[in-house]
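Some notes on the structure that comes next.
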Amino acid sequence: MTHTIDSAAETSAWWRAALGEYPTGVCLVTGVAADRSPVAMVVGSFVAVSEDPPLVGFFAGRRSSTLPVLKESGCFTVSVLADRSESLCRAFATKDPGRWEQGAFESSGTGAPRVSDAVAWFDAEIEDVREHGDHSFLVGRITDAGAGSGAADMPLLFRRAGYGTFAAPSDTFDTRAFIERLRWATVGEREIRELADDFGVHVTVTSQIGDAMVTLAAVDPSSSASSYENVGASHPWAAPIASIFAAWAPPHRRRAWEEASRHLTGAVDRPLLQRILSGVRERGYAVAGDATLTADFLRLARSAGVERETYARIWADIAISRAELEPDGAVDWSRVAVVQMPVFAPDGEVAMALYAITSTSFDRATAERLVERMSQTATRIARSIPLTPRSEHPVAPAGLWGDSWEFDGS
């Protein structure tokens with residue numbers, strides 16, 4: 001598709017969007033100041049310049065506080081980050097006070113810290129610095145280089161303002177957003193409990209906070225109170241899981257949902273996902289199954305410290321199962337174990353969702369009555385949600401879209 005650019009602002013937006021499609025490696029460039037204190041910046045522009053002599057280079061923003069330190073010292077060290085180093089990368093990108101404690105470092109030949117489990121590393125002496133627009137291009141002659149120990153197999157990549165690696169949700173997330181969602185969920189507590197009792201289903205209330213799905217409430221049939229042991233349990237938001245939150249999401253967040261699946265399982269079935277989302281929007285709710293796989297997934301979501309491989313296996317199984325739920329465009333209720341009903345915020349996005357889960361499957365008549373009750377409950381909860389800006393979906397800082405972005409982490 002071609003597009004005519006009409007203004008300088010639009011030029012910048014489309015330039016960033018187009019470059020955002022190009023994946024880049026992620027490196028930590030380090031140096032030492034005159035007082036021997038370490039400095040660092042995250043870059044996505046590291047490049048080989050010449051083999052003979054061996055030269056490498058990278059771009060740094062001209063307003064970077066790390067740039068003058070590197071120029072004064074005359075040298076730098078580059079650590080090519082591994083896919084397991086996303087948390088370390090984010091710590092330096094945000095200038096976390098504890099960033100130097102986020103990983104293991106060792107001293108390089110330049111005297112600068114080097115990431116111990118880097119995929120590869122390079123020490124260099126600065127040969128040339130040239131200004132190009134709002135960036136400076138530093139070229140260094142290699143004085144030493146090496147590959148990692150083998151413990152880090154895959155490099156960390158960056159594309160579309162997101163990292164090309166899967167990470168299970170951390171133990172921390174936007175606490176303010178979580179408490180806000182909890183308050184909204186309590187509005188429908190009585191109706192949610194009646195829903196569980198009347199239909200003999202397990203009901204949970206779930207919300208998307210950042211890149212994770214988080215449980216706000218859980219009620220078992222015939223219980224007198226909510227089950228608090230599951231509150232706060234989280235799992236990744238990756239296709240085809242939690243399609244209810246992708247169906248009405250902006251395009252960039254739907255893409256993030258799809259790409260999270262690729263990072264996790266190595267593949268993404270876009271035609272299947274389009275069919276799923278179209279069905280969700282047409283019906284007004286989502287379905288999932290089967291019962292055994294759902295039970296396995298729930299146990300996984302309640303566990304701590306889950307390995308990526310474990311998530312990947314069950315996600316792949318769920319994708320296969322999901323394709324069987326609507327073989328001809330109509331829901332096969334004999335296979336469905338979960339019904340998901342959206343609770344819309346005033347801005348039209350899904351603030352949270354009600355999940356009705358059965359240990360077997362639904363018959364069509366029961367499912368239709370259940371859907372009607374869930375819709376009524378969701379509507380009443382939605383009326384209590386105030387019109388406030390959504391803040392839990394972070395926007396990429398300016399400069400992250402192309403191959404010359406950098407984070408000044410000194």
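Below, all heavy atoms of this structure are taken into account, side chains as well, without hydrogens, waters or symmetry copies.
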Exercise for review: Write down the atom of Ala351, the atom of Ala345, and the distance for their closest heavy-atom approach.
Suggested key: CB-CB, 3.9 Å
Check your understanding: If you measure from CD1 on Ile244 to CD1 on Ile276, what distance do you get to the nearest 0.5 Å?
Key -> 12.0 Å
**Study point:** pair Leu138-Leu67: side-chain heavy atoms closer than 4.5 Å
**Key:** yes
Check your understanding: Please walk me through it: do Val115 and Phe105 pass side-chain contact (heavy atoms from CB on, under 4.5 Å)?
Key -> CA-CA 5 Å; Val115 179; Phe105 293 87; 3.7 Å; yes
Exercise for review: State, to 0.1 Å, how close Ala288 and Gln340 come at their nearest heavy-atom pair, and which atoms those are.
Suggested key: CB-NE2, 4.0 Å
Check your understanding: What is the distance from atom CD1 of Ile385 to atom CG of Asp347, rounded to the nearest 0.5 Å?
Key -> 9.0 Å
Point to revise | Test log, rule side-chain contact (heavy atoms from CB on, under 4.5 Å), inputs Phe46 and Val56 | key: CA-CA 7 Å; Phe46 178 69; Val56 295; 3.6 Å; yes
Review point. With no hydrogens and no angle check, is any side-chain donor or acceptor of Ser79 less than 3.5 Å from a backbone partner on Leu81?
Key: no
Review point. Once the angle between the rings of Phe58 and Phe76 is folded into 0 to 90°, is it parallel (under 30°), tilted (30 to 60°) or perpendicular (over 60°)?
Key: perpendicular
Point to revise | Atom CD of Glu282: over 12 foreign heavy atoms under 6.0 Å | key: no
Practice item. Determine whether more than 12 heavy atoms belonging to other residues, nucleotides or ligands lie under 6.0 Å from atom CD of Glu51. Key: no
Point to revise | Ser116 side chain to Ala104 backbone, donor-acceptor under 3.5 Å | key: yes
Check your understanding: Is the shortest side-chain N to carboxylate O distance from Glu258 to Arg254 below 4.0 Å?
Key -> no
Review point. Side chains of Phe59 and Val47: closer than 4.5 Å at any heavy-atom pair?
Key: no
**Study point:** Thr30 side-chain N/O to Pro113 backbone N/O, donor-acceptor pair under 3.5 Å
**Key:** yes
Review point. How many angstroms lie between CD1 in Ile179 and CH2 in Trp184, if you round to the nearest 0.5 Å?
Key: 13.0 Å
Check your understanding: Counting distance only, does the side-chain N/O of Arg63 pair as donor-acceptor with the main-chain N or O of Asp134 below 3.5 Å?
Key -> no
Check your understanding: Where do Phe199 and Arg369 land on the side-chain contact (heavy atoms from CB on, under 4.5 Å) test, with the steps shown first?
Key -> CA-CA 9 Å; Phe199 289 88; Arg369 291 189 294 108; 3.6 Å; yes
Review point. Met374 and Tyr285: side-chain contact (heavy atoms from CB on, under 4.5 Å), yes or no, with the steps?
Key: CA-CA 10 Å; Met374 291 179 71; Tyr285 60 90; over 6 Å; no
Review point. Any side-chain heavy-atom pair from Val201 and Ile357 closer than 4.5 angstrom?
Key: no
Review point. Do side-chain atoms of Ser278 reach the backbone of Arg275 as a donor and acceptor pair under 3.5 angstrom?
Key: no
**Study point:** Spacing of Asp198 atom CG and Arg373 atom CZ [to the nearest 0.5 Å]
**Key:** 4.5 Å
Check your understanding: In Å, rounded to the nearest 0.5 Å, how long is the span from CH2 of Trp237 to OG1 of Thr206?
Key -> 13.5 Å
Exercise for review: Decide yes or no for Leu273 and Trp257: does some side-chain heavy atom of the first lie under 4.5 Å from some side-chain heavy atom of the second?
Suggested key: yes
Exercise for review: For Ser375 and Glu372, indicate whether the former's side chain and the latter's backbone hold a donor-acceptor pair under 3.5 Å.
Suggested key: no
Review point. Would you say Pro250 and Glu349 make side-chain contact, with heavy atoms under 4.5 Å?
Key: yes
Check your understanding: Which atom pair, heavy atoms only, marks the closest approach of Ser64 to Thr66?
Key -> OG-N, 3.1 Å
**Study point:** Heavy-atom side-chain contact between Phe362 and Val331 under 4.5 Å
**Key:** no
Check your understanding: Mind checking whether Gln376 and Thr379 have side chains closer than 4.5 Å, heavy atoms only?
Key -> no
Check your understanding: Mind checking whether Phe344 and Trp248 have parallel, tilted or perpendicular rings, split at 30° and 60°?
Key -> perpendicular
Point to revise | Spacing of CZ belonging to Phe245 relative to CD belonging to Gln208, to within rounding of 0.5 Å | key: 7.0 Å
Revision key, fill the gap. Shortest non-hydrogen pair, Ile381 vs Met352, comes out as CG2-CE, 3.3 Å
Practice item. Determine yes or no for a side-chain-to-main-chain donor-acceptor pair under 3.5 angstrom, with Ser136 supplying the side chain and Arg62 the backbone. Key: no
Point to revise | Contact check, side chains of Thr110 and Val32, non-hydrogen atoms, under 4.5 Å | key: no
Check your understanding: Is a side-chain N or O of Arg281 found less than 3.5 angstrom from the main chain of Ala247, in a donor-acceptor match?
Key -> yes
